[in-house]
Enquirer: 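Attaching a single structure in structure tokens format; questions to follow.
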Amino acid sequence: MERMLVVVFDTQDNANDGSHVLQDLDTAGLIAVHAARIVTKGADGSTFVNNTRDGLPDAAMGGTALGTLIGMLGGPVGLAIGAAGGLVAGAAADFSRDRIAADFFSDVERSLQPGKSAVVAEIDEEDTDAVDARMHALGGFVIRRAFEDLADPTWERETDALRQRITRTKQSIEKKWTERSTR
Amino acid sequence: MSTDTKQSIQDKLASQMKAAHTALDTLKAKASIAKAQAELKAITDLQSQKDAIERKLNDLKKSEEPKYEQAKTDVESLIAALESSVKAIEAKLKAA
């Protein structure tokens with residue numbers, strides 16, 4: 001199952017260890033890590049982002065849910081690419097933002113207090129036990145959300161638009177009838 | 001939700017779509033004879049909207065829990081809106 005994973009640690013060293021564990025689990029074939037970064041909240045509330053070993057360049061992160069989450073947390077990736085990349089990247093960022101449920105973002109924001117670091121990743125895992133056991137052993141606090149549990153914004157947008165079109169058609173013909181009857 | 005229950009829901013919705021398709025064809029013929037241009041335009045719009053609902057119905061058939069329930073509710077409400085519009089035009093053309 002495709003998931004957004006956030007593991008919050010007390011120190012950046014622990015987050016680095018957590019990132020390595022995630023890559024080890026990927027190498028062992030227990031999970032697949034599509035993209036990952038380490039996000040650190042400075043004591044003054046500023047956000048720093050460090051690369052991991054996933055190999056996905058920052059330029060490819062802008063339209064992803066992960067890039068957008070990092071941008072929402074104050075990091076440079078999602079916002080920078082969304083702003084600089086023009087309409088297409090901006091639309092992709094909007095779509096990704098829709099996919100990150102507000103309650104999930106609130107949980108992450110609440111947990112990632114100044115001075116703490118988090119491993120944030122898009123992963124595919126069948127079972128949560130492997131990640132949970134290894135991250136808890138490192139003192140990590142795990143927050144995850146399956147993408148398929150989130151609302152499908154494309155479906156909702158299309159359905160709403162279609163409903164409005166049907167309503168407008170009915171209203172326009174009723175308006176014509178009213179105009180005719182008052183002549 | 002069992003596969004049989006889903007099939008039964010989808011059959012009912014497909015049957016409603018077929019009825020709407022037939023009703024729109026009939027209305028289009030009547031409106032053409034009556035040279036009712038405004039009604040003809042509305043019927044053409046509704047036919048295109050019916051096609052879009054049919055695509056949604058196909059998406060519903062492929063969707064899985066937990067999204068299935070919401071998708072079913074959405075398709076049902078779209079069909080109800082379409083049927084309401086068709087009935088309004090039917091009533092008007094009958095009265096004309």
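Chain letters run A, B, ... following the sequence lines, proteins first and then strands; every chain starts at 1.
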Enquirer: How far apart are the C-alpha atoms of B:Lys92 and A:Glu174, what are their side-chain angles, what is the distance that settles it, and do they pass the salt bridge (charged side-chain N to carboxylate O under 4.0 Å, His left out) test?
Expert: CA-CA 10 Å; B:Lys92 199 70 188 175; A:Glu174 284 173 343; over 6 Å; no
Enquirer: Do A:Ile173 and B:Leu40 share a hydrophobic cluster, counting only Ile, Leu, Val, Met, Phe, Trp and Tyr and linking them when any side-chain heavy atoms are less than 4.5 Å apart?
Expert: no
Enquirer: Decide, yes or no, whether a salt bridge links A:Arg180 with B:Glu39 under the criterion of side-chain N to carboxylate O below 4.0 Å.
Expert: yes
Enquirer: Is the shortest heavy-atom distance from the side chain of B:Ser85 to the side chain of A:Thr169 under 4.5 Å?
Expert: no
Enquirer: Return yes when atom NZ of B:Lys6 has more than 12 non-hydrogen atoms of other residues, nucleotides or ligands closer than 6.0 Å, and no otherwise.
Expert: yes
Enquirer: How long is the straight-line distance from CZ of A:Arg163 back to CG of B:Leu82, given to the nearest 0.5 Å?
Expert: 13.0 Å
Enquirer: To the nearest 0.5 Å, tell me how far B:Asp59 CG sits from A:Thr159 OG1.
Expert: 8.5 Å
Enquirer: Could you tell me the separation between the NZ atom of B:Lys50 and the CD1 atom of A:Ile166, rounded to the nearest 0.5 Å?
Expert: 11.5 Å
Enquirer: Got more than 12 heavy atoms from elsewhere within 6.0 Å of NZ, B:Lys41?
Expert: no
Enquirer: Quick one: CD on A:Glu158 to CG on B:Asp74, what's the gap to the nearest 0.5 Å?
Expert: 11.5 Å
Enquirer: How long is the straight-line distance from NZ of A:Lys176 back to CD of B:Gln37, given to the nearest 0.5 Å?
Expert: 10.5 Å
